[in-house]
Amino acid sequence: MYKKVVVMGGGTGISYLLKGLKDFPVDITAVITVSDNGRSTGKLREEFNTPAVGDIRKVITNLSQIDEPIKEMMSYRFKTSSDLDGHAVGNLILTAMLDITGSLKDSISSLSKLLDVRHQVLPISEDSSLTLMGLDKEGNIIEGEEQITKANRQFERIFYKNEPKVLPEVLKALKDADLIIFSMGSLYTSILPNIICKEVKEVLNKTKAPLMYICNAVTQPGETDGFTVGDHIKLLNKYLDKKKLDVVIASNTKVNPEIAKKYETEEQKEPIIIDYDEIEKTNTELIEDNLFTIEDNMIRHDSLKLCFQIFSYLMRK
């Protein structure tokens, strides 16, 4: 019987992680945040009063066993002067399924069967009006996930406008898990939206499963400027309540100075440094490896190496 792994997150980070992890002998449940209100997802939420489907579409596509052309179709965005402009095909399909079934969970299940997904994908909630809020260091409240991302500020607190009703299947998956992973991705808009749910915190406080964090490759402008691996751990632990992170995976890759300079000047981002002394103070086990690769002048995690480290840790536990 395969060990059960729950991966929590949103955005591109969790999709890339799952793309590699699906090839290992584990039973995966991916729990996805649904508070995004930008681009195609935001338009569909406003028009059809639905939870966000964009990150779910990415995860289903990356977990799929189907041929690449079909995956490309799911991610294809229309470029037109009509109302279809900017919409991803997969987002439209999920929205149509949601209109038919009345349930995002059931819509995901149907699309997963169609695209040969052999693992479970769940939204954190089916609440259609889920709205992420941020209180910045100056005391200003920012409403909306997209607005938080674009605010380019450091935040004192991230919270929901209204407490979400977490899907019972999510809580059961967390209770049954052998390992719970917080994926790389935006701390404030991909990871924390899952952690800050009251019902999730209650389960995490009681779980015997280790909590693992996959540290990001680079900082995010405004939000995590100057953050080290230790800073990421401390921020997550602040929101986690009683149960804290057990282990962090971070890359010790020496980034090419030209690539680092490109990130600094064009995107105001910098590679995240491993600060061994601070990590030790958090009582968090550090797993480090040469995990970065360069694709199209972009720093990416080597999915196979990363997932090998995850699987190795799971097996020794």
Side-chain angles (χ1 to χ4, degrees), residues 9-17 20 33 36 38 55 132 134-138 140 142 145-158 181-193 195 212-239 245 247-282 284-303 305-307 309-310:
T12 304
I14 189 172
S15 301
Y16 194 74
L17 171 59
T33 178
D36 187 11
D55 290 348
L132 198 64
L135 174 67
D136 70 15
K137 298 281 187 179
E138 285 72 46
N140 303 301
I142 312 297
E145 181 178 314
E146 183 184 32
Q147 288 72 23
I148 290 171
T149 301
K150 291 180 176 180
N152 200 25
R153 302 175 188 177
Q154 288 196 333
F155 289 92
E156 189 66 38
R157 188 164 70 96
I158 295 293
I181 301 174
F182 303 119
S183 173
M184 61 274 198
S186 168
L187 282 178
Y188 292 100
T189 58
S190 292
I191 302 173
L192 291 183
I195 294 175
M212 173 184 282
Y213 170 53
I214 313 298
C215 193
N216 291 337
V218 294
T219 58
Q220 291 178 280
E223 296 180 10
T224 59
D225 291 331
F227 267 41
T228 61
V229 174
D231 290 326
H232 283 74
I233 293 171
K234 290 171 188 175
L235 180 66
L236 288 173
N237 280 344
K238 172 185 170 184
Y239 283 89
L245 290 176
V247 57
V248 61
I249 297 182
S251 180
N252 56 19
T253 305
K254 302 298 181 185
V255 178
N256 183 298
E258 291 183 8
I259 298 294
K261 188 68 175 177
K262 175 182 177 293
Y263 269 86
E264 181 183 350
T265 56
E266 295 181 12
E267 301 184 40
Q268 292 76 55
K269 299 177 180 179
E270 57 187 7
I272 294 171
I273 297 169
I274 300 176
D275 49 341
Y276 298 94
D277 290 343
E278 292 301 315
I279 295 170
E280 188 175 354
K281 291 176 185 177
T282 67
T284 306
E285 178 184 345
L286 169 66
I287 298 174
E288 59 173 311
D289 196 359
N290 178 15
L291 297 175
F292 292 161
T293 184
I294 304 297
E295 296 178 5
D296 299 323
N297 282 328
M298 302 284 287
I299 301 173
R300 296 278 186 251
H301 279 86
D302 184 315
S303 187
K305 277 187 177 182
L306 173 60
C307 293
Q309 290 292 356
I310 293 171

* To do: Please report the shortest heavy-atom distance between Gly11 and Ile14, naming the atom on each side.
  => O-CG2, 3.6 Å
* Asked: Can you list the residues that meet the salt bridge (Lys or Arg N to Asp or Glu O under 4.0 Å) rule with Asp136, with sequence neighbours excluded?
  -> Arg153
* Asked: Would a 4.5 Å heavy-atom cut-off, applied to side chains only, mark Glu223 and Leu187 as touching?
  -> no
* Asked: Between Leu17 and Cys307, which heavy-atom pair has the shortest distance, and what is it?
  -> O-SG, 3.6 Å
* To do: With sequence neighbours excluded, give me every salt bridge (charged side-chain N to carboxylate O under 4.0 Å, His left out) pair touching residues 291-301.
  => none
* Asked: Which distance, rounded to the nearest 0.5 Å, do you find between the OG1 of Thr224 and the CD1 of Ile272?
  -> 6.0 Å
* Structure fact -> The reported gap from CD in Gln147 to CD1 in Ile142 (rounded to nearest 0.5 angstrom) is 8.5 Å
* To do: Please report the shortest heavy-atom distance between Pro193 and Tyr188, naming the atom on each side.
  => CD-O, 3.5 Å
* **ring pair (Phe, Tyr, Trp, His ring centres under 6.0 Å) against Phe292, all qualifying residues, sequence neighbours excluded** => His301
* List the atom of Thr189, the atom of Thr33, and the distance in Å for their closest heavy-atom pair. => O-CG2, 3.9 Å
* Taking only residues two or more places apart in sequence, or in another chain, which ones meet Lys261 in a side chain to side chain contact (heavy atoms under 4.5 Å, CB included)? -> Glu264, Thr265
* Calculate, to the nearest 0.5 Å, the distance between atoms CD1 and CG belonging to Ile310 and Leu306 respectively. => 4.5 Å
* Residues which pass side chain to side chain contact (heavy atoms under 4.5 Å, CB included) with Lys254, listed by chain and number, not counting sequence neighbours -> none
* **Pairs meeting criterion salt bridge (charged side-chain N to carboxylate O under 4.0 Å, His left out) with involvement of residues 228-239, two or more places apart** => Lys234-Glu278
* Asked: Hey, what do you get for CG (Asp55) to OG (Ser15), rounding to the nearest 0.5 Å?
  -> 6.5 Å
* Who are the ring pair (Phe, Tyr, Trp, His ring centres under 6.0 Å) partners of Tyr263, not counting sequence neighbours? -> none
* Rounded to the nearest 0.5 Å, how far does CG of Leu291 lie from CD of Gln309? -> 6.5 Å
* What residues form a side chain to side chain contact (heavy atoms under 4.5 Å, CB included) with Ile294, not counting sequence neighbours? -> Ile259, Ile299
* Asked: Taking atom NE2 of His232 and atom CD1 of Ile279, what is their separation to the nearest 0.5 Å?
  -> 11.0 Å
* To do: Please report the shortest heavy-atom distance between Ser251 and Asn290, naming the atom on each side.
  => OG-C, 4.1 Å
* To do: With sequence neighbours left out, write down each residue that passes side-chain hydrogen bond (donor to acceptor under 3.5 Å, both in side chains) with Tyr239, or none if nothing qualifies.
  => none
* To do: Could you pull out all residues at least two apart from Tyr213 that satisfy ring pair (Phe, Tyr, Trp, His ring centres under 6.0 Å)?
  => none
* Residues which pass side chain to side chain contact (heavy atoms under 4.5 Å, CB included) with Ser190, listed by chain and number, not counting sequence neighbours -> Ser186
* Structure fact -> Residue pairs passing the salt bridge (charged side-chain N to carboxylate O under 4.0 Å, His left out) test with at least one member in residues 266-275, sequence neighbours excluded, are Lys262-Glu266, Glu267-Lys269
